[in-house]
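Structure record follows, encoded as structure tokens.
Residue numbers start at 1 and run along the sequence shown.
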Amino acid sequence: MASGAEPTVPVFKDGEAQIVKAFEDPDYWIRHDLWVQTEFDSDGDDKLDRMHVSVTRPRQTESEGLKLPVVYVSSPYFAGTGAKGQEFFWDTRHELGATPPQREHFPPPERKGLRPIISKSHVKEWVPRGYIVVHSSSPGTGLSQGCPTVGGDNESLAPKAVVDWLCGRAHGFTTPDGDEKVVAFWCTGKVGMTGTSYNGTIPLAAATTGVKGLEAIIPVAPNTSYYHYYRSNGLIRHPFGFLGEDIDYLYDFIHSGNETRRDHCDCEVRDKEMLQSLDRETGDYNEFWAGRDYLNDLEPLNAAVLMAHAFNDWNVVPEHSVRIYEALKAKGVPTQAFFHQGGHGGPPPMKMMNRWFTRYLHGIENDVENDPRAWIVREQNERDKPTPYAEYPNPAASPVKFYLSAGAPERGKLATVAAADQGTETLVDNFSFSGASLAQAEWTNHRLIYLTPKFSKPIHLSGTPRITIRVAANKPAANLSIWLVSLPWTENKKTKITDNIITRGWADPQNHLSITEGEPLVPGQFYELSFDLQPDDQVINKGQQIGLMILSSDRDFTLRPTPGTELTVDLDATSITLPIVGGDDAFAKALLQSKEDH
């Protein structure tokens, strides 16, 4: 710094960090990498694993002694990933409960990337605003040591170690095996984390350790439970677009790490721990899955959390964020939620993220903790224009219970008043028909569907629908899938992602008593199940009808057994509860003929 010159410091306006010209030119950024020593040895070489870390910081952190907070991003993807071919997924075309054929493994991922830069993500957004951006490859990926565990403890402890290093409590080294130390003298001791999908899971994983210095996180579409990613209420279910994927495939997909320890990791983690516990026969919840469910680990968490998710994300379904958000509200940590109507991914607007990190990393009192708790992008709006609400679910929403009236193989009715003696109706499973075709069919025995009358006013759903269903099968095992749809179905250039499918849910009738222990069904015997569909916040337009569709196999998500299984539903003992803003009164008013119709 020239003699007499003012030091360069972050600038804030209206509670947000501003772009500072002296921080803006990437040619003057300092980039370097190092290895941070963790507290675990996950690859069995009798040495503590070290994580590969890279740093991007303004030159003033060196020339002027400036200390800044850190935005930290960790990922298993930075160094490359494996094959995506369907031939490497599990075969889904087999009978329920049967042992599936072994999955074919693909060649190890080819590691990519040049030192000292692990990734360039987030640097353009945050370095000019007065932050240092840090990246790390997660265990067993890239130049980080250890084994990938896909949600195991080391994937929480690895980012914890990096935060500890940034705060002066752990050791960093210039090489993976040497003893020349690197000190983060430029860090204020305030760290925030963010990222999307797996990269959004890791901030939550780190926060569950309670590590001091991790002040705020912004997880975007995080996978908060690998059971909820690959299973659903006892049922084997796959993420949309990845039919047949399971946790062992994801392990192979990200395992770009040290070749000398690959065989050990494959044997101990994938072949022993995963393949012996993931249970593709029953889909039951067990200790293996419980150990990869971050809802079970929230007690130490004290970071401020801004959750972000999409209500139409059928890869990492929205319950992943909603379940954590609900738990964090009850815990009392600073929490806010951003939801949009698109698909997988999509961070909050920069203004929201900036206010969050400005408050909790720079310590600027911008009153963000008193902002509305929920921000939801309405169907007609752009993602950067969310509507504020006091909370999610909408505080004005209340449960409205709907009952079924017979109509199969055509369409039955859905009403708030039960019709007596509706009896039973039967569907025949056939995975070859898509849910979209079944919803549009006027006559088919491959689904049951029940419709409300057409609405004369829009209906606003906000919260988590729940179905109670009494069902019998003619076989010891059956898939059960539920779709909530908006009809008439539209497919054209103007069709939006919110136009047809409202939400979905899946369950295994064998798990009617517990997701931890299923039992074979007695053919012909009725069983009662109650389970949640995926959370939603959506306005159903005037002129539409809500349809409850019951089917067996969902070709985009479930296993595909031989067609022919029959499911019989007891209509008099089946209902669905929908969270409607305004409750029963709003629903009743939406059915009245508007004045314009007369």
Discussion item. Suppose we screen for disulfide (SG to SG under 2.5 Å). Which residues come up paired with Cys187, at least two apart in sequence or across chains?
Written reply: none

Worksheet item: Can you list every salt bridge (charged side-chain N to carboxylate O under 4.0 Å, His left out) pair that touches residues 184-211, not counting sequence neighbours?
Response: Lys190-Glu215

Verify the distance criterion only: is there a donor paired with an acceptor across the side chains of [X] and [Y] at less than 3.5 Å?
X: Ser74; Y: Ser136; result: yes
X: Ser42; Y: Asp49; result: yes
X: Thr464; Y: Asp532; result: no

Practice prompt. Determine the interplanar angle of the Phe242 and Phe89 rings, folded into 0 to 90°, and report it as parallel if under 30°, tilted if 30 to 60°, perpendicular if over 60°.
Written response: perpendicular

Worksheet entry | Whether His309 and His320 hold their rings parallel, tilted or perpendicular, with breakpoints at 30° and 60° | parallel

Fill in: Arg355 vs Gln336 side-chain heavy atoms within contact, under 4.5 Å
no

Item to complete: Please examine the side chains of Val377 and Phe338, heavy atoms only from C-beta on, and report whether any two atoms are closer than 4.5 Å.
Response: yes

For [X], does the [atom1] atom have more than 12 heavy-atom neighbours from other residues, nucleotides or ligands under 6.0 Å away?
X: Glu259; atom1: CD; value: yes
X: Lys331; atom1: NZ; value: yes
X: Asp367; atom1: CG; value: yes
X: Asp46; atom1: CG; value: no
X: Phe106; atom1: CZ; value: yes
X: Glu517; atom1: CD; value: no
X: Glu87; atom1: CD; value: yes

Worksheet item: Taking only residues at least two apart or on different chains, which pairs with a member in residues 235-256 satisfy side chain to side chain donor-acceptor pair (under 3.5 Å)?
Response: Trp90-Asp248, Arg103-Asp248, Arg103-Asp252, His105-Asp252, Tyr230-Glu245, Arg231-Asp246, His238-Arg280, Asp246-Arg280, Tyr251-His255, Tyr251-Asp266, Asp252-Arg270, His255-Arg262, His255-Asp266

Discussion item. Suppose the criterion is side chain to side chain donor-acceptor pair (under 3.5 Å): which pairs have a residue in residues 284-295, not counting sequence neighbours?
Written reply: Glu273-Arg292, Thr282-Asp284, Asp284-Asn511, Tyr285-Asp293, Tyr285-Asn296, Asp293-Arg323

Item to complete: Just do the side-chain hydrogen bond (donor to acceptor under 3.5 Å, both in side chains) check on Asn366 and Thr358 with the steps written out, would you?
Response: CA-CA 8 Å; Asn366 59 11; Thr358 296; 5.1 Å; no

Practice prompt. Could you note down all residue pairs passing disulfide (SG to SG under 2.5 Å) where residues 211-268 supplies at least one of them, sequence neighbours left out?
Written response: Cys147-Cys265

Pairing residues for [X] by the ring pair (Phe, Tyr, Trp, His ring centres under 6.0 Å) criterion, not counting sequence neighbours:
X: Phe173; value: none
X: Phe357; value: Trp126
X: His135; value: Phe78
X: Tyr77; value: Tyr198

Discussion item. With a 4.0 Å cut-off on N to O distance, would you call Glu62 and Arg59 a salt bridge?
Written reply: no

Practice prompt. Verify, without hydrogens or angle tests, whether Ser144 (side chain) and Ser137 (backbone) share a donor-acceptor contact under 3.5 angstrom.
Written response: yes

Practice prompt. Taking Asn233 for its side chain and Trp506 for its backbone only, find out whether a donor-acceptor pair lies under 3.5 Å.
Written response: yes

Fill in: Partners meeting side-chain contact (heavy atoms from CB on, under 4.5 Å) with Glu319 (sequence neighbours left out)
His228, Val317, Gln534, Pro535

Worksheet item: Can you name the residues that form a side-chain contact (heavy atoms from CB on, under 4.5 Å) with Asn312, not counting sequence neighbours?
Response: Trp314, Gln341, Ile497, Thr498

Side-chain polar contacts of residues 200-208 - donor-acceptor pairs under 3.5 angstrom, sequence neighbours left out - could you list them?
| from | atom 1 | to | atom 2 | distance (Å) |
| --- | --- | --- | --- | --- |
| Thr201 | OG1 | Ser197 | O | 3.1 |
| Thr201 | OG1 | Asn223 | N | 2.8 |
| Thr201 | OG1 | Asn223 | O | 3.2 |
| Thr208 | OG1 | Ala205 | O | 2.6 |

